[in-house]
Amino acid sequence: MASSFSLLFLVVLILCFSNVLSLSSKFILHSDLIKPSKFPITMTEKFIRQLNVFPKHDINLVSSKEIEPVTEQRLFEKKLNLSYLGDSGATVQDLGHHAGYYRLVHTKAARMFYFFFESRSNKNDPVVIWLTGGPGCSSELALFYENGPFQISPNISLVWNDFGWDKVSNLIYVDQPTGTGFSYTSDDRDIRRNETDISNDLYDFIQAFFNSHPEYVNNNFYITGESYAGHYIPVFASRVHQANKNKEGIYINLKGFAIGNGMTNPEIQFKAYTDYALDMKLINQTDYDDINKLYPKCEQHIKSCGNGGEDACLYAFQDCFKIFSSIMDIVGDKNYYDIRKTCKGDLCYDFSRMETYLNYDQVKHALGVGNDIEFVSCSSTVKQALGTDMMKSFEVGIPPLLKDGINLLIYAGEYDLMCNWLGNSNWVHAMEWFGQRDFGAAPSISFRVDGEEKGVQKNHGPLTFLKVHDAGHMVPMDQPKAALEMLQRWTQGKLS
């Protein structure tokens, strides 16, 4: 992963799941979480270094002397003063663009970095938070290459994105978990190792956000993201919903959560790899039969992992990614995030413009980032710390949210292998909830934008599944207009 594990959860992931262990030396990552005595195999750096951007430092650990002690739950935020090329298309004169840090109060010394962009249309639009996956990949990947207000041109300047999600929402991007992007700490004990701690940090942040921006408290709130955020999002949504029920903190008007090309239920999704590869003619029937022999051991370890066995979680990672790497041995140089394309460079995509731009001193100054902090696109340290988290299913917390009327949108580009649409469709259909039978029986209908079919969707009650045509892992990058239309209809209750 490292959104996809990153998209590379890359980006895009922005990835979904990092990367393969070494049955294929070409796709393997090295991880200090894998105990050498048990796993002598190296795991390739290809997925972790993700995105063709290689920061000098994997994570921002700064001296404690440089951090002022803060105990208040408030944001340290500044309005952005950056130059943009072109017309924003905004109907309001004074666009509120902000960046800042929040001191995570339940950590030793962690600071979470974020961007906040007020809606170009109406400040009463919903508040949407975006979480990129990896784990450990910065949400700036999505900001500049997918659905943010602007993109980075070849001459490293900002140009307005005609299909930025800030056209229909007040949009927040967060660098999380600690150590991702511009987020930093002076104490490595702040590096998170489970979803409970991650969701608590996010909850503390969003409470501080609404405390500092009370004008948005009554707006509808939606949680969105991609790839490995298929782990983050259900847990964060549950955290917010339970806090609302318990009358904890500021009431957050949570209306829904959306996961794009996510990794949520590994047991079901890994089983779908060979089915998807065969359907897309990436492998033949003989390959299919041979690779499927690897699945029983993968399934066994995933089940043990779900029952609390940490060693089983590491074995599951090793054995399950053999399925993926075996397919890639056959596929060769195809881009596993978009099988229509050839993988060019170490990470199949080039996101170096973002890395260059965000490490300019004048840009960091405008963002309120110290010169000693380097932008870390994807952190292998963050990823490795979550080694026993990767193969767990986070579907379990979703049915109670659906029962209470919280809407869920699962969408997936049809050409992504890593977190493919078929695996996502399979776990959505297999999920046990009050509307499971009716959802399964619901017809698939056309998702059309300006008269053209851009996907196929199914809906029942609070649950919608959308397969997006002509898109890979990063739907808003490949189909920006359709993705914006999807968000607007969904948040307005019109997607179904």
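These figures come from a predicted structure and were not determined experimentally.
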Closest heavy-atom pair and its distance - H473, E226:
O-OE2, 3.6 Å
Between the side chains of N147 and Y173, does any donor sit under 3.5 Å from an acceptor?
yes
List the residues meeting ring-ring contact (aromatic ring centres under 6.0 Å, His included) with F115, not counting sequence neighbours, and say none if there are none.
F113, F117
Working to the nearest 0.5 angstrom, can you tell me the gap between Y228 OH and D389 CG?
3.5 Å
Regarding N426 and Y276, is there a side-chain donor-to-acceptor distance under 3.5 Å anywhere?
no
Take atom CD of E310 as the centre, draw a 6.0 Å sphere, and report whether it contains more than 12 heavy atoms from other residues, nucleotides or ligands.
no
Any donor-acceptor N or O pair under 3.5 Å, side chains N253, N220:
yes
Are more than 12 heavy atoms from other residues, nucleotides or ligands located less than 6.0 Å from atom NZ of K467?
yes
Quick check on N218: does its CG atom have over 12 non-hydrogen neighbours (other residues, nucleotides or ligands) under 6.0 Å away?
no
Looking only at heavy atoms, which two atoms of Q436 and M431 are closest? And how far apart?
CD-O, 3.2 Å
Just to verify, what does D404 make a salt bridge (Lys or Arg N to Asp or Glu O under 4.0 Å) with, not counting sequence neighbours?
K245
Residue Q285 excluded, over 12 heavy atoms near CD under 6.0 Å
yes
Taking every heavy atom of S169 against every heavy atom of V128, the minimum-distance pair comes out as CB-CG2, 3.6 Å
With no hydrogens and no angle check, just 3.5 Å: does a side-chain donor-acceptor pair link D204 and H106?
yes
Nearest 0.5 Å, what's the CD1-CD1 distance between I206 and I172?
4.0 Å
F351 ring center near Y349 ring center (under 6.0 Å):
yes
Using the salt bridge (Lys or Arg N to Asp or Glu O under 4.0 Å) rule, take R239 and E248 through it: C-alpha gap first, then chi angles, then the decisive distance, then the call.
CA-CA 11 Å; R239 177 70 178 89; E248 175 185 349; 2.8 Å; yes
Among side-chain atoms of S138 and D175, is any donor-acceptor pair under 3.5 angstrom?
yes
Within 45 degrees of the ring normal and closer than 6.0 Å to the centroid, is that where the cationic atom of K123 sits relative to Y216?
no
Locate the shortest heavy-atom distance separating L484 from V168; write the atom from each residue and the value.
CD1-CG2, 3.7 Å
Option from F209, Y203, F205, F210 for which side-chain contact (heavy atoms from CB on, under 4.5 Å) with Q207 holds:
Y203
Heavy atoms only: give me the nearest N292-T274 pair and the separation to one decimal.
OD1-OG1, 2.6 Å
Taking all heavy atoms of P462 and all of F434, pick out the closest pair and write down the distance.
CD-CZ, 4.1 Å
Are there more than 12 heavy atoms of other residues, nucleotides or ligands under 6.0 Å from atom NZ of K341?
yes
Output yes when a side-chain donor or acceptor of N459 lies under 3.5 Å from a complementary backbone atom of L495, and no otherwise.
no
State, without any angle test, whether Y288 and D275 hold a side-chain donor-acceptor pair at a distance under 3.5 Å.
yes
For the backbone of P126 and the side chain of Y222, can you confirm whether one donor and one acceptor N or O come within less than 3.5 Å of each other?
no
Start with the C-alpha gap between E195 and H231, add the side-chain angles, then the distance that decides, and say whether side chain to side chain donor-acceptor pair (under 3.5 Å) holds.
CA-CA 8 Å; E195 298 300 331; H231 277 45; 5.5 Å; no
K322/D319 ion pair, N-O < 4.0 Å
yes
Under a 3.5 Å distance rule, please check whether S139 uses its side chain to pair with a backbone N or O of T132 as donor and acceptor.
yes
Would the distance check show the side chain of Q269 and the main-chain N or O of G262 forming a donor-acceptor pair, the cut-off being under 3.5 Å?
yes
Check the pair L401 / L408 against side-chain contact (heavy atoms from CB on, under 4.5 Å), numbers first and verdict last.
CA-CA 9 Å; L401 294 168; L408 169 61; over 6 Å; no
